[in-house]
Amino acid sequence: MLYNFKETEEKWQKIWQDTRAFRAQPDPQKKKYYLLEMFPYPSGKIHMGHVRNYTIGDVAARFKTLQGYNVMHPMGFDAFGQPAENAAIKNNTKPDDWTHKCIREMETELKKMGFSYDWEREVSTCDSSYYKWNQWIFLKMFERGLAYKKASNVNWCPSCSTTLANEEVIEGGCWRCHAKVEQKDLEQWYLKITDYKEKLLYNLEQLKYWPERVIFMQQNWIGKSKGVEIYFKLKDNGRVIPVFTTRADTIFGATYIVLAPEHPLVKELIKGKPQEPAALEFIAKVAQESKTIRSSSEVNKEGVFTGSFAVNPVNNEELPIWIADYVLMEYGTGAIMAVPTHDQRDFLFAKEHNLSLRVVIQPGLDDNSRLSAYEMAEAYEGDGYLENSGQFNGKKNSPAKEEIALWMEVKGIGKIQEHWRLRDWLISRQRYWGTPIPIIYCPECGPVPVNEKDLPVELPKDAPFTGEGGSPLAKVKEFVEAACPKCGKNARRETDTMATFFDSSWYFLRFCSPQFNAAPFDLKEAKYWMPVDQYIGGIEHAILHLLYSRFFTKFFQDLEMVDFNEPFERLLTQGMVLKDGEVMSKSRGNIVDPDSMIKNYGADSLRLFILFAAPPETELEWDERGLEGAFKFLNRVWRIQDNLKDKADPQVLKHLHRTIKKVSQDFGEFKFNTAIASFMELTNAIYQLGADKEVFSKLVVMLSPIVPHFSEELWQILGNQGSVFKASWPQYDPQLLVEETIELPIQVNGKLRSKIAVARDISEEKLKALVLADQKVVPWLEGKTPKKFIIVPQKLVNIVI
RNA sequence: GCUGGAGUGGUGGAAUGGCAUACACGUCGGUCUCAAAAACCGAUGGGGGCAACUCCGUGAGGGUUCAACUCCCUCCUCCAGCACCA
């Protein structure tokens, strides 16, 4: 009899739904386990990436349930965002209708996969019952000065006609549509994530169960560097130009100063100088270039002399001040001291413009490795001994860095400082399908926050979107016109909406109490369920979403709404699903639709294959033959029921206990591929030697997290009452793991020559005698005397001759 | 450039100091069948040998060790993130 997956899967999905099998409720008696997968954007169809992500999570959730944990496993939809607007323009529908239709379709697809979600906790970020709390959080931030508006040079995507956060600019392009990002001066809303930079950086140390590379990526992004701000004075009028450097040890080697073209002092420096016209022309030219072009021209280091000089405070030398495009206003002070001998960029620039050089670090103390400034082909950026550096001559440069910094601080010519790469988070978008920012502009009172009791500021269901840019909300008169919450006079509503990453920065908290209507989340519920024990999602969120969520959590901690500082205890980043070595994508035309795979092989086969094909973190090459293999394996297990014996073979029994041990460990470590291999080995052994109902039942329980419908059905056929998930995870008997006789490999000079079966606790002497008498070993020892016997108990024997 | 990860049969992968290639896919052979499919059994890293067996073999080269896919050094290739960050 062949396993009928279609009927079985439908049957159990209905039972699970009818019995509310995965409903989670706090239970102080039980240990909680909050398992979360990154919620999807509701595009209407799930793809293989979702299948993989959610299968991994589902196995973990079901495994923990069998182990006796009180598991919460919720699902929802990250439902705001641009595709809904694009679809609305294209199909002439409303984003709201379109999104809700997609959500329903997606729910159906997820249910077909048999995932154990507590659907009663479902949330969609586009519902006002959710985004009301986005607005509430925004107001709390506004109250504390963490949400603020400022005019500045921002990233602008011309294709999406909206602003972008720094984190959303990937290689100079828009993260969503890849169009080249432009710079624009606009007044925009920001969140002061920089107030949390220290915590965001230092608390990374707590995240012991996060992948190292995610930690590195976040560290890199926050980008702390220690250095010194050195005060150079203008020769003409003594005005100070602060310069930031991480290489205080090279201060005596500075031969010129460079300012960014946008530096506020530049205009003054060139005024009336013969260099003025050339300098102005250069500044205008750089201003036209976008940031992307400017940072891509690595080779070409252009610049002009200002005609002014600054004084090096450590030796009173006069240094020419230049303007160059390789110095950025956004980092440090927008001014640098150039040390061409020990910085490659400065070196190239100095060569190009014939500026002077001076060596201050010699790699060694001997004469033949000595550097000579004008013979160098490139800058020496390594360590060595200081020279031409006054009182610091002869010292090692690396420890001297600190010493020189302190000395400058004492002398008042510098200050030890930290610089951070992290910028405040730009959150306003000139878009319709997002959370309205709850601010009203009053001609008298200025920007005024909406009163808490007036939340939510509802997004009107209708708005004219043409895709021509500009905030669609600005065209909805009833929305824009509002009374000032302070003075009651006629005022205008903010028409920008929030970036969707705002929505996903706290949804994990909302899941704890999705219907709660007195606050974003019920503190009691959050206290029980949070933090998330295991979070699973794609590596593409390593910076954006994970950093923002950490920021929000720290903010809630400051509001005393939570009593922990990191939201996600463990993180697993699953690899992508590839087809023919490439990411599956519409444009490549290599998409494999999960739905048709479910039709042909069933959800359980798909789940099994996707876990077996590769470890969760690595990329997975799609291979339909592998899926067929998974299907065959299920049928093989299915047929065991027809050949059960009264008593299991003792070898099979031992094998079962080895499997329990191995699989329990593997499941705990998310090594599903090797766990499945163990199941296959056990199945092969059962085929050869035979098993009874008890052995088979235990195999079924262990398989259930991976292939839940299949296992429920077998569990029932085997005569058990109720769901297999009410069973408990099998325990192994350590006594059954101990083998009386073991097979020892025998090596001669580290090469395998023989294997002998011996009693587990054989004495060394007896073992030696046996080995020396072994037929296959003897020829190798002929005429030689063993120098040494290496015996690793119960592992191996190695004879050295 | 910097940082991180990886490199193992025809393929996906296993083994993190102790029997390299578990498990699966594919291929080949067999059983069953009128035949095919399914199922079941067996073989399957490369070279040499009728064979027992033997030599070589985890990107390349060196080292440590009785013993290295695993640890150390040098290098190559691929992937990812950041990048004129001073």
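Naming: A, B, ... by sequence-line order, numbering from 1 per chain.
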| said: Heavy-atom nearest nucleotide on RNA chain B for A:Arg625 versus A:Ile539: which residue maps closer to 5'? | reply: A:Arg625
| task | Determine the interatomic distance between C1' on B:G61 and the same-named atom on B:U77; round to the nearest Å. | result | 15 Å
| query | Only one of A:Phe672, A:Tyr601, A:Trp622 clears ring-ring contact (aromatic ring centres under 6.0 Å, His included) with A:Phe609; which? | reply | A:Trp622
| Over how many whole Å does the gap from A:Tyr3 atom OH to B:A38 atom C1' extend? | 18 Å
| query | Taking the P atom of each, how far is B:G46 from B:U11, in whole Å? | reply | 12 Å
| query | Expressed in angstrom and rounded to an integer, what is the separation of A:Met337 atom CE from B:C84 atom P? | reply | 20 Å
| request: Could you tell me whether the side chain of A:Leu744 reaches within less than 4.5 Å of the side chain of A:Leu767, counting heavy atoms only? | output: yes
| request: Can you tell me, in whole Å, how much space there is between the C1' of B:A83 and that of B:G4? | output: 15 Å
| Side-chain heavy atoms of A:Lys224 within contact of A:His419, under 4.5 Å | no
| Nearest to the side chain of A:Trp221 - B:A20, B:C82, B:G12? | B:C82
| Hey, which of these two, A:Ile790 or A:Lys662, hits RNA chain B nearer its 5' end, going by closest nucleotide? | A:Lys662
| Atom P, compared across B:C73 and B:U3: separation rounded to whole Å | 14 Å
| task | Establish, with yes or no, whether the OP1 or OP2 oxygen of B:G4 is under 4.0 angstrom from a side-chain nitrogen or oxygen of A:Trp210. | result | no
| query | How close or far is atom P of B:C85 from atom OH of A:Tyr331, stated in whole angstroms? | reply | 9 Å
| query | Which of these nucleotides, B:A22, B:A83, B:G13, is closest to any side-chain atom of A:Arg421? | reply | B:A83
| said: When you measure from the side-chain N and O atoms of A:Lys776 to the phosphate of B:C53, is any distance below 4.0 Å, counting only OP1 and OP2? | reply: yes
| note | In whole angstroms, the gap separating P of B:A15 from CG of A:Asn673 amounts to 8 Å
| remark: Among the nucleotides B:C82, B:A86, B:C66, whichever has the atom closest to the side chain of A:Thr246 is B:A86
| What interatomic distance, in whole Å, is found between C1' of B:A15 and the corresponding atom of B:C19? | 11 Å
| B:G57: syn or anti, with syn meaning chi within 90° of zero? | anti
| remark: Closest to the side chain of A:Met217, out of B:G81, B:C82, B:C84, is B:G81
| message | Quick check for you: among B:A86, B:C23, B:G4, whose closest atom lies nearest to any side-chain atom of A:Met680? | response | B:C23
| query | When the ring centroid of A:Phe349 is compared with that of A:Tyr256, is the distance short of 6.0 Å? | reply | yes
| request: In sequence, state the C-alpha distance, the side-chain angles, and the governing distance for A:Asp249 and A:Arg247, and then conclude on salt bridge (Lys or Arg N to Asp or Glu O under 4.0 Å). | output: CA-CA 5 Å; A:Asp249 52 322; A:Arg247 292 296 304 274; 3.1 Å; yes
| note | From the candidates B:A14, B:U3, B:U54, the one with an atom nearest any side-chain atom of A:Pro615 is B:A14
| request: Check every atom of B:C84, B:G12, B:A86 against the side chain of A:Asp325 and return the nucleotide holding the closest atom. | output: B:C84
| remark: ring-ring contact (aromatic ring centres under 6.0 Å, His included) test vs A:His353 passes for just one of A:Tyr326, A:Trp322, A:Phe347, namely A:Trp322
| task | Determine: side-chain N/O of A:Lys751 to OP1/OP2 of B:C56, distance under 4.0 Å, yes or no. | result | yes
| List RNA chain B stems (3 or more consecutive Watson-Crick/G-U pairs, under 3.5 Å)? | B:1-7 with B:76-82, B:10-12 with B:23-25, B:26-31 with B:39-44, B:45-48 with B:53-56, B:59-63 with B:71-75
| note | A:Leu422 atom CG is separated from B:C82 atom C1', nearest whole Å, by 14 Å
| field | Test: A:Arg636 cationic atom under 6.0 Å from A:Tyr687 six-membered ring centre, within 45° of axis | value | yes
| query | Does one side chain, of A:Tyr331 or A:Ser225, offer a donor that lies under 3.5 Å from an acceptor on the other? | reply | yes
| message | Say we look at B:C78 and B:C56: how far apart would their P atoms be, to the nearest angstrom? | response | 32 Å
| request: Taking only Lys NZ, Arg NE, NH1 and NH2, and the carboxylate oxygens of Asp or Glu, determine whether A:Glu621 and A:Lys579 approach each other closer than 4.0 Å. | output: no
| query | Counting any heavy atom closer than 4.0 Å, what does A:Phe216 reach on the DNA or RNA strands: base, sugar-phosphate only, or nothing? | reply | sugar-phosphate
| query | Is there a donor in the side chain of A:Asp383 and an acceptor in the side chain of A:Ser398, or the other way round, less than 3.5 Å apart? | reply | no
| request: Write down the distance separating the C1' atoms in B:A14 and B:G9, rounded off to the nearest Å. | output: 13 Å
| request: Provide the distance between the two P atoms, one in B:G10 and one in B:U58, to the nearest whole Å. | output: 13 Å
| said: Looking at A:Phe789, I'd like to know if the NZ or CZ of A:Lys768 sits under 6.0 Å from its six-membered ring centre while staying within 45 degrees of the ring's axis. | reply: yes
| query | Is A:Lys788 side chain donor-acceptor paired with the B:C66 base, going by distance under 3.5 Å alone? | reply | no
| query | Whole Å only: how far is the CD1 atom of A:Ile801 from the C1' atom of B:A67? | reply | 15 Å
| Residue A:Asn798, side-chain heavy atoms: nucleotide from B:C66, B:G5, B:A80 that is nearest | B:C66
| task | Using whole Å, report how far CG of A:Leu611 lies from P of B:G12. | result | 19 Å
| task | Can you tell me the distance, in whole Å, between the CG atom of A:Leu578 and the C1' atom of B:G13? | result | 15 Å
| query | Among B:U54, B:G18, B:A15, which nucleotide sits nearest the side chain of A:Thr674? | reply | B:A15
| query | Under a 4.0 Å N-O cut-off, is there an ion pair linking A:Asp774 with A:Lys776? | reply | no
| message | Using the side-chain heavy atoms of A:Phe612, tell me which of these nucleotides is nearest: B:C84, B:C23, B:U54. | response | B:C23
What nitrogen or oxygen pairs link the protein and nucleotides 39-42 of chain B at under 3.5 Å?
unit_1: B:A39; atom_1: O3'; unit_2: A:Arg639; atom_2: NH2; d: 3.0
unit_1: B:C40; atom_1: OP1; unit_2: A:Arg636; atom_2: NH1; d: 2.5
unit_1: B:C40; atom_1: OP1; unit_2: A:Arg639; atom_2: NH2; d: 3.3

